[in-house]
Asker: 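Take a look at this one; I'll ask things after.
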There are 2 protein chains.
Amino acid sequence: MDKLFKALNDPTRRAILEQLRAKDMTAGEIAEGFTVGKPTISHHLDLLKQAGLILPEKNRQFIIYSLNTSVLEECFAWLLKITKKQKRGA
Amino acid sequence: MDKLFKALNDPTRRAILEQLRAKDMTAGEIAEGFTVGKPTISHHLDLLKQAGLILPEKNRQFIIYSLNTSVLEECFAWLLKITKKQKRGA
DNA sequence: TCGATATTTTGATAATAATCGAAATATAAA
DNA sequence: TTTATATTTCGATTATTATCAAAATATCGA
């Protein structure tokens, strides 16, 4: 939960997720789209990985990242809880 | 968007929102529930206010905060976008 | 094996954020 | 008008995060 919100709290990381929505990409391909350096992107990928939002798969010398939105269920659930009016006594 | 995700990226602030779900509260009442000091809570309230997640209303010497979940629409929309498979050519 | 490519890790720095005590502001009550 | 209460603002400190350059790791191709 904490890691999920932390991962989402950065425009670069959210942009990475948006890119991965279109297609799986290697770390290098992801880095190309940004002005920040590769070590920085690697760090962002690590945080996204820790949150479970992306899944790495090694292929030859590349690491291909894919989007995993299933972990967002938890996020949706919390937001829904907050959004819904609380029942008396609950 | 940025301010929204930032506001949600803190357990104390999320707890404040959960409390306000049950009932409107003054800054002092909110602060009672936490170990951190009042200036710190005031700062958290400010960030939540900036994100539009809470609305202050002055009543005598108190400020009563209420939850405003309408701004979460934007958040839901983004999460849904990410979750849904991308259309070809989109 | 050697050199090139892909990615991460390390170590350092700079920017951002959380926290506190003290002071400031505003309102109320005596 | 003085005192008390509610809340915020200020200034400083600490903790966390983003970023970079350089070094390390892993795999490939010649």
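First the proteins, then the strands, lettered A, B, ... as listed; each starts at 1.
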Asker: Check whether A:Arg13 reaches the backbone of A:Ala7 with its side chain - one donor and one acceptor, N or O, closer than 3.5 Å.
Answerer: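 Looks like yes, one N/O pair under 3.5 Å.
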Asker: Is there a path of hydrophobic side-chain contacts, each under 4.5 Å between heavy atoms of I, L, V, M, F, W or Y residues, that connects B:Phe62 with B:Ile30?
Answerer: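 No: no chain of side-chain contacts under 4.5 Å links B:Phe62 to B:Ile30.
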Asker: In whole angstrom, what separates A:Asn9's CG from D:dT16's P?
Answerer: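 Rounded to whole Å, this separation is 16 Å.
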Asker: Is the distance from OP1 or OP2 of D:dA18 to the nearest side-chain N or O of A:Arg13 less than 4.0 Å?
Answerer: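 Checking A:Arg13 against D:dA18: at least one side-chain N or O falls below 4.0 Å of OP1 or OP2.
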Asker: Please confirm whether the shortest side-chain N or O distance from A:Thr40 to OP1 or OP2 of D:dC20 is below 4.0 Å.
Answerer: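 Answer is yes, contact under 4.0 Å.
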Asker: Which nucleotide wins on minimum distance to the side chain of B:His44, given the candidates D:dA18, C:dT27, C:dT19?
Answerer: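 Taking heavy atoms from C-beta onward, the closest nucleotide is C:dT19.
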Asker: What is the distance from CZ of A:Arg60 to P of C:dA6, rounded to the nearest Å?
Answerer: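 It works out to 12 Å between those atoms.
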Asker: Between A:Asp10 and B:Lys6, does any NZ, NE, NH1 or NH2 come within less than 4.0 Å of an OD or OE carboxylate oxygen?
Answerer: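 Salt bridge absent between B:Lys6 and A:Asp10.
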Asker: What contact category does A:Ile30 fall into here, base, sugar-phosphate, or nothing, at under 4.0 angstrom with non-hydrogen atoms?
Answerer: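 It contacts nothing in the nucleic acid.
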Asker: To the nearest angstrom, how far is B:Asp2 atom CG from D:dA18 atom P?
Answerer: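 Result: 12 Å.
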Asker: Quick one: which protein N/O atoms are closer than 3.5 Å to N/O atoms of nucleotides 4-8 of chain D? Pair and distance per line, please.
Answerer:
| from | atom 1 | to | atom 2 | distance (Å) |
| --- | --- | --- | --- | --- |
| D:dT7 | OP1 | B:Ala27 | N | 3.2 |
| D:dT7 | OP1 | B:Ile63 | N | 3.4 |
| D:dT7 | OP2 | B:Gly28 | N | 2.5 |
| D:dT8 | OP1 | B:Tyr65 | OH | 2.4 |
| D:dT8 | OP2 | B:Ser42 | OG | 3.0 |
| D:dT8 | O5' | B:Ser42 | OG | 3.2 |

Asker: Could you state the NZ-P distance from A:Lys3 to D:dT16, rounded to the nearest angstrom?
Answerer: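 That distance rounds to 14 Å.
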Asker: Whole-Å distance between D:dA18 P and A:Leu47 CG?
Answerer: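 In whole Å, D:dA18 P and A:Leu47 CG are 6 Å from each other.
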Asker: Which is it for A:Trp78 and A:Glu73 under the side-chain hydrogen bond (donor to acceptor under 3.5 Å, both in side chains) test, yes or no, and what are the steps along the way?
Answerer: CA-CA 9 Å; A:Trp78 188 86; A:Glu73 286 304 321; over 6 Å; no
Asker: Heavy-atom contacts under 4.0 Å between residues 15-23 of chain B and DNA chain C, which residues?
Answerer: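 None - not one residue of the stretch has a heavy atom sitting under 4.0 Å from the strand.
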Asker: Taking a hydrophobic cluster as the set of Ile, Leu, Val, Met, Phe, Trp and Tyr residues connected by side-chain heavy atoms closer than 4.5 Å, whether directly or through intermediates, do B:Leu55 and B:Leu47 fall within one such cluster?
Answerer: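 Result: no, two separate clusters.
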Asker: Can you tell me how far P of D:dT16 sits from CG of A:Asp10, to the nearest Å?
Answerer: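 Result: 18 Å.
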Asker: Could you check how far CD of A:Glu57 sits from C1' of C:dT7, rounded to whole Å?
Answerer: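 Rounded to the whole Å, the gap is 16 Å.
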Asker: Taking the side chain of B:Lys6 as heavy atoms from C-beta outward, which of D:dA18, D:dG29, C:dA17 is closest to it?
Answerer: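 Selected nucleotide: C:dA17.
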Asker: I'd like to know if A:Ile64 and A:Ile54 are part of one continuous hydrophobic network [Ile/Leu/Val/Met/Phe/Trp/Tyr, side-chain heavy atoms within less than 4.5 Å].
Answerer: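 They do not share one cluster, since no chain of ILVMFWY contacts under 4.5 Å joins A:Ile54 to A:Ile64.
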Asker: Do A:Thr40 side-chain atoms and A:Val36 backbone N/O form a donor-acceptor pair below 3.5 Å?
Answerer: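 It does not hold such a pair.
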Asker: Going by side-chain hydrogen bond (donor to acceptor under 3.5 Å, both in side chains), name the pairs with one or both residues in residues 55-69 of chain B, residues two or more places apart or in two chains.
Answerer: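 For residues 55-69 of chain B: B:Asn68-B:Ser70.
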Asker: Once you apply a heavy-atom cut-off of 4.0 Å, does A:Asp46 come out as touching a base, just sugar-phosphate, or nothing?
Answerer: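 Result for A:Asp46 = nothing.
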Asker: Within a strict 4.5 Å, meaning less than it, do heavy atoms of the A:Leu20 and A:Met25 side chains meet?
Answerer: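 The answer is yes; the side chains approach within 4.5 Å.
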